[in-house]
There are 2 protein chains.
Amino acid sequence: MNTPMITVPQTQRPVRERILEAAEAVFAESGYEGATVTDIAARAGLPKSNLHYYFGTKEALYEAVLFNTLSMWDDAFQVLRAERDPAEALAECIRLKMDLSRKRPNANKVMTGEMLQGAPRLNTFLNTTLRDQVAQSMAVLNHWIELGKMDAVSPMHVLLSIWAMTQQYADYNPPIKALLEKEELEERDYDAATDAIVQLVLRGCGVPQATA
Amino acid sequence: MNTPMITVPQTQRPVRERILEAAEAVFAESGYEGATVTDIAARAGLPKSNLHYYFGTKEALYEAVLFNTLSMWDDAFQVLRAERDPAEALAECIRLKMDLSRKRPNANKVMTGEMLQGAPRLNTFLNTTLRDQVAQSMAVLNHWIELGKMDAVSPMHVLLSIWAMTQQYADYNPPIKALLEKEELEERDYDAATDAIVQLVLRGCGVPQATA
DNA sequence: GTCTATATTCAGATAGAC
DNA sequence: GTCTATCTGAATATAGAC
């Protein structure tokens, strides 16, 4: 029952992290222009002048949120490796990407908001890093196709489809909740969606699945 | 070559339409909060006080854009009718929805922006009209399944997948352009995407396709 | 119905004490 | 590093002439 004096109470975590977390939530709820530094500061429990002290401008804080988010997406697609079984690798990729929509919906929403505005702050990233990352995943799919483990589908369209179907569960939560007649989605809703997407992709690509 | 005096020049189309068109573009580019009445007025070629005269508030103008957009989405899914051939009906539905992403990207972006914010202005619609519309489409898919024309997939997840994959071509245009290394997507890019999505859905649902 | 000019509010950013 | 108080610009909305 004694609280160790050494552990740092949650309200005293590093200030930068608290600010970034609050910014992710507020930018997601209100968009870049709609979010106010005052709101973010209130959510982080700080006066707004502190945000300017740590990040300079609202824009710089926003970009910090964006690039923090980008790194998470890549992890999901990195599981697509040539030596793996296509069914297992694709299923894991879909599950990881869906987990991000479930556990970090705000991060996903902020990124979608940036895309809607033409992604002016991501131009370089999209045309360099992202392009390389996707090219690698496409090469893996092409490898599977050459080995006859997969039908001759268009790798880029398959990857984009996985991206879109999983992203929807973060961005389009309101209509999905309405269709399921629920106040909030539960874990089993995400699991059911994941299963449906996995089945659609695997069968759509002619990838044999384990029947278990 | 003579211009009939009776036709109305484009710059003098009904004022309300000009305002709505300008609003759709500006709200799409900047989001609800980021858009300014001044910008919309400039794009429509009017002083901003006129927008207040016609629509009252910025919010009312925004809602007019939203509900104008909602009606377009339903049209695409109305082609799913029980008496039709599943392959043809699903392909047409996907093509119509993709046409909207191509021809009316701004309308789609405004709607996605509203979804990101939790769709506060669409709550009633989502829980009444939309739910009924989707229930009808789901019934059609269930009918096809009972007739053995389709595998026992989850109708709701299939419909959501079509929605997501086509929506992506409006909302996520920047990364798609980057991957295709193009300044703007061309009609054949949308056609190729439509074909890929149709193939994925039909094969994923076990719907026999014409081999032509 | 259409415009100019203005009232009012609130945002991002900063100054300067502690 | 952290806070209070304040500056400055820009947004929505309106008043009122034409």
Side-chain angles (χ1 to χ4, degrees), chain A residues 6 8-68 106 109-110 113-114 116-117 120-121, chain B residues 8-67 106 109-110 113-114 116-117 120-121:
Chain A
I6 284 177
V8 180
Q10 189 168 14
T11 52
Q12 288 177 27
R13 279 182 314 147
V15 176
R16 279 186 64 97
E17 282 187 29
R18 282 167 58 197
I19 296 174
L20 276 171
E21 185 178 307
E24 186 177 293
V26 175
F27 281 130
E29 284 174 17
S30 310
Y32 173 70
E33 302 282 352
T36 69
V37 178
T38 303
D39 289 344
I40 298 172
R43 193 178 185 109
L46 296 166
K48 64 178 174 176
S49 55
N50 291 31
L51 307 210
H52 285 105
Y53 174 79
Y54 278 97
F55 289 92
T57 66
K58 174 186 180 182
E59 170 107 9
L61 174 55
Y62 175 71
E63 289 188 9
V65 173
L66 278 185
F67 283 92
N68 184 53
N106 288 336
K109 288 181 186 178
V110 175
E114 176 67 10
L116 289 180
Q117 300 192 12
R121 301 161 183 91
Chain B
V8 180
Q10 190 168 12
T11 53
Q12 288 177 28
R13 279 182 314 148
V15 176
R16 278 187 63 98
E17 282 187 27
R18 282 166 60 196
I19 295 174
L20 276 171
E21 185 180 307
E24 186 178 292
V26 175
F27 282 129
E29 284 174 17
S30 310
Y32 173 70
E33 302 281 352
T36 69
V37 178
T38 304
D39 289 345
I40 299 172
R43 193 177 185 110
L46 296 166
K48 63 180 173 178
S49 55
N50 289 32
L51 307 209
H52 286 103
Y53 175 79
Y54 278 98
F55 289 92
T57 67
K58 175 186 179 181
E59 170 107 10
L61 174 55
Y62 175 72
E63 289 187 9
V65 172
L66 278 186
F67 283 92
N106 288 335
K109 288 181 187 177
V110 174
E114 175 68 10
L116 289 180
Q117 301 192 12
R121 302 161 183 91

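Chain naming here is simple, since letters A, B, ... match the order of the sequence lines and numbering starts at 1 in each.
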- Item | Pairwise salt bridge (charged side-chain N to carboxylate O under 4.0 Å, His left out) hits with a residue in residues 24-33 of chain B, at least two apart | B:Glu24-B:Arg104, B:Glu29-B:Arg43
- Query: Do B:Leu61 and B:Ile40 come close enough that some side-chain heavy atom pair is under 4.5 Å?
  - Reply: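 SC-SC contact between B:Leu61 and B:Ile40 confirmed.
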- Message: Measuring only between side-chain heavy atoms, which start at C-beta, is B:Val110 closer than 4.5 Å to A:Leu116?
- Response: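 Not touching, per the 4.5 Å side-chain cut-off.
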[X] and [Y]: which non-hydrogen atoms are nearest, and at how many Å?
{"X": "A:Asn106", "Y": "A:Ala25", "result": "ND2-CA, 3.6 Å"}
{"X": "A:Ser30", "Y": "A:Ala35", "result": "CB-N, 3.6 Å"}
{"X": "A:Ala28", "Y": "A:Lys109", "result": "CB-CB, 3.9 Å"}

- With sequence neighbours left out, what residues match A:Tyr62 under ring-ring contact (aromatic ring centres under 6.0 Å, His included)?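 Once residues adjacent in sequence are excluded, the partners of A:Tyr62 under the ring-ring contact (aromatic ring centres under 6.0 Å, His included) criterion are A:Phe27, A:Tyr32.
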Quiz: residues 47-56 of chain B side-chain donor-acceptor pairs under 3.5 angstrom, not counting sequence neighbours:
unit_1	atom_1	unit_2	atom_2	d
B:His52	ND1	B:Lys48	O	3.4

- Message: Donor-acceptor check, side chain of B:Glu114 to backbone of B:Arg121, threshold 3.5 angstrom: yes or no?
- Response: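 Checking the backbone N and O of B:Arg121 against the side chain of B:Glu114, a donor-acceptor pair under 3.5 Å is found.
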- Pull out every residue in residues 55-65 of chain A that has a heavy atom closer than 4.0 Å to any atom of DNA chain D, ordered by number, or say none. none
- In numerical order, the residues of residues 19-39 of chain A whose heavy atoms come under 4.0 Å of DNA chain D are none
- Task: Starting from P on D:dT4, measure out to CG on A:Leu51 and report it in whole angstrom.
- Result: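 Taking CG of A:Leu51 and P of D:dT4, I get 13 Å after rounding.
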- Task: Specify the separation, in whole Å, of atom NE2 of B:His52 and atom P of D:dA11.
- Result: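 Taking atom P of D:dA11 as the reference, NE2 of B:His52 is at 13 Å.
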- With DNA chain D as reference, determine whether A:Lys48 or A:Tyr54 sits nearer its 5' end, using the nearest nucleotide of each.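 Its nearest nucleotide lies further toward 5', so the answer is A:Tyr54.
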- Query: Just how far is it from atom CD of B:Glu63 to atom OG1 of B:Thr57, taken to the nearest 0.5 Å?
  - Reply: 7.5 Å
- Along DNA chain C, first and last positions that approach a heavy atom of chain B under 4.0 Å: C:dG1 to C:dT4
